[in-house]
Number of protein chains: 2
Amino acid sequence: MIGTRQKELLKEIVEEYVKTARPVGSKTLCKKFKCSSATIRNDMATLENLGYLEKTHISSGRIPSEEGYRYYVDNLMEAKKISGEDMLKLQTIFNNKELELDDAISKSLEIISDITNYTSVILGKESSDNRLQKVEVVPIDSRQLIAIVITDTGHVENKSIVLEENIPTEEISKTTELLNKMLIGTPIDEVPSKLEFEIKPVIRNYIENYEVVYNAFYNALSNFTSERDVKFTGKTNILKQPEFSTVDDVKNIISKFESKDMVSKIEETNDEVKVYIGSENEIDDNVTVVKTKYKVGGREGSIAIIGPKRMEYERVVSMLEYIKEHIEGGKEDKLEKEEQ
Amino acid sequence: MIGTRQKELLKEIVEEYVKTARPVGSKTLCKKFKCSSATIRNDMATLENLGYLEKTHISSGRIPSEEGYRYYVDNLMEAKKISGEDMLKLQTIFNNKELELDDAISKSLEIISDITNYTSVILGKESSDNRLQKVEVVPIDSRQLIAIVITDTGHVENKSIVLEENIPTEEISKTTELLNKMLIGTPIDEVPSKLEFEIKPVIRNYIENYEVVYNAFYNALSNFTSERDVKFTGKTNILKQPEFSTVDDVKNIISKFESKDMVSKIEETNDEVKVYIGSENEIDDNVTVVKTKYKVGGREGSIAIIGPKRMEYERVVSMLEYIKEHIEGGKEDKLEKEEQ
DNA sequence: TATTAGCACTAAGAAAGGAAGAGTGCTAAA
DNA sequence: TTTAGCACTCTTCCTTTCTTAGTGCTAATA
């Protein structure tokens, strides 16, 4: 079992290492713990046996292992303890009620990236329970149409429709009218099934060449909402961290950032602020990812901060918690006010 | 003046250095020129005096200077000489008449990036002479509208409009109707002035609270087309080049790529394929940028290939020329066919 | 029993030296 | 104009040495 002083010691070592990026030696901690280096060394050895500390070589100081960081995050750090200075910076954003939600989120992540030198990512999309407000179809030429879909939160998306054969304009406008009649108010993720099971049977009776028309519209409307906004802030910040000191490290992490499945690895399903240290995340063993999900006012998505494992956990977690609370809480206040 | 053998020599040195990335020594070129290393050395010294060659240190072989590359590009390389293999790869794309223009361009740049290991960028936008086809306005709530603008080439853009005070629905739809009547067929870059000088005076007579409405619409419609598509292919490719062998080099070039004004530095105003070597380009002294402008079928923009100064100039220039010719020529053929 | 002093030991990192190799410039001869 | 020859220069790689910051272990101490 881990003793009280040992816990304190682990906490101190993590924080010291986070600050300096150098292995922590026993002497450094003497004053703090008012005991000799030998005592510290004994405790360090215990913590190493428990798997919380590592050495870079046989006679080096200690650095936290992945388990060490994990223990720190779970048991030692004081989350929710956002510093006054950090809070102040974020407050200026959330006090500005003019700001749109998306802008507020990106501005606050810009601040985090700026003051921490980590990389942050916002992954956003339309909430899947937003409802379809209007379908508009504009002809471009005899075979090409543009379908525009608008949701009740004001999100607009458009798709080009290519018809396999010429269809009279009236057929198109009849279909559009029908779609509007039957689809308005439908949550967008239910649109495909409603098309298939409710609209298709009806269209069949109204429209001459219904298969061509139906297929074209189905393709356009069912792939809606597949696109996601992704915004990186400070993509190169993480390169400033001393852990990326060799060319290969840098190339490696950059190519991970650029890779196609990066986006899917940012998504967070959990509702709290979660910390994924090293091998716990799918991006790279050398980084820590702090993520959370948000959902408010027709928008939902994930926010992630990516930094070295040697990360200022307390700071990042507490700032992310603060942001999450304020975008979800704060913006609901705002919506209520507007409704009055 | 530069003699014939010296030209040959410079050409050979550029090409050898491009291939190997190591300074070229006099011995290497003996067989090729059927003379002794001393002769080569004399000529090299001349070329160095003329500013076309450099040494990395006093007893090293020679590498081309920026002027050397420039001379090579202007006088020595055989452009238009695309290799059969490269041509074949590009042909498969341009023969595929199914492909949309944008896709054809990005596919061909993917190929270039793949086979050369350089980075390519496409900067595209709607042509400024495209014409407005339709304006649609959808209300979201009492104060918020979505304006959707469609051009004759099927490009759609939308902007949210926030009204400063409540405006009756009829006023909005009257305005929309008016806009459609007066703006259809207007080239999009003429929309702002037409709003100001033709629409504003008319609106004044029809609409109660015309200033609020006019301002809201003006903001929405005049900032249209400001957004540009940017697509990088192989952003990390250039890191594979041996010139980026130190961490600082890599970090430096990456941060240039990420910087905000990168996009503006890609734009090419010249109609030919142009080569910007080292300090000639604004991105970074250590890279060469090969750029060209294209304009076809409602789209226009620039294409750029970014690689080390030690670039396969002949290959890149000839491939880019081939692509430019084919997207502009080829797609016009296609358009004509479709019109028949 | 927990702490401490002392000491032998280890690895990293920086500095210095040396040898090999690739290439040059210059001189003088062909 | 070309070439052979030679002294010279730098880079690169390898080895050695020294310093330093740290360790583990043992034995003494509170």
What is the separation between atom CD1 on A:Ile40 and atom C1' on D:dG22, rounded to the nearest whole Å? 14 Å
If you compare every side-chain N and O of B:Ser60 against the phosphate oxygens of C:dG23 (OP1, OP2), does one of them come in below 4.0 Å? no
Taking the minimum atom-to-atom distance to the side chain of A:Ser59, which one of D:dT11, C:dA11, C:dT3 wins? C:dA11
My understanding is that only one of A:Ile283, A:Val230, A:Asn281, A:Ile122 makes a side-chain contact (heavy atoms from CB on, under 4.5 Å) with A:Ile266; could you say which? A:Ile283
Kindly state which residues belonging to residues 16-37 of chain A come within less than 4.0 angstrom of DNA chain D, counting heavy atoms of the residue only, listed by number. A:Gly25, A:Ser26
What I'd like to find out is whether the side chain of A:Lys55 reaches to under 4.5 Å of the side chain of A:Arg62, using heavy atoms alone. yes
Is any side-chain heavy atom of B:Met311 closer than 4.5 Å to a side-chain heavy atom of B:Gln241? no
Tell me every residue that passes side-chain hydrogen bond (donor to acceptor under 3.5 Å, both in side chains) with B:Glu15, counting only those two or more places apart in sequence or in another chain. B:Tyr72
Are B:Glu12 and B:Phe33 close enough that some pair of their side-chain heavy atoms sits under 4.5 Å apart? yes
The salt bridge (Lys or Arg N to Asp or Glu O under 4.0 Å) partners of B:Glu16 (sequence neighbours excluded) come to none
Note: B:Glu243-B:Arg310 ion pair, threshold 4.0 Å (strictly below): yes
Donor-acceptor pair, side chain of B:Lys251 and main chain of A:Leu239, under 3.5 angstrom: yes
Side-chain donor-acceptor pairs under 3.5 Å in residues 21-28 of chain A, sequence neighbours left out?
| unit_1 | atom_1 | unit_2 | atom_2 | d |
| --- | --- | --- | --- | --- |
| A:Ser26 | OG | A:Arg41 | NH1 | 3.4 |
| A:Thr28 | OG1 | A:Gly25 | O | 3.0 |

Rounding to a whole Å, what distance do you find between B:Asp43:CG and C:dT24:P? 12 Å
Scanning both residues in full, the closest heavy-atom pair of A:Phe244 with B:Val247 reads O-CG1, 4.0 Å
Would you tabulate the nitrogen or oxygen pairs shorter than 3.5 Å linking the protein to nucleotides 14-20 of chain C?
none

In B/S/- notation (B base, S sugar-phosphate only, - none; protein heavy atoms under 4.0 Å), nucleotides 25-30 of chain C written 5' to 3' is BB----
Whole angstroms only, please: what is the CG-C1' distance between A:Leu53 and D:dT23? 14 Å
Take atom NE2 of A:His57 and atom C1' of D:dA21, then tell me their distance rounded to the nearest Å. 8 Å
Spell out, as yes or no, whether a donor-acceptor pair under 3.5 Å connects the side chain of B:Ser113 to the backbone of B:Thr233. yes
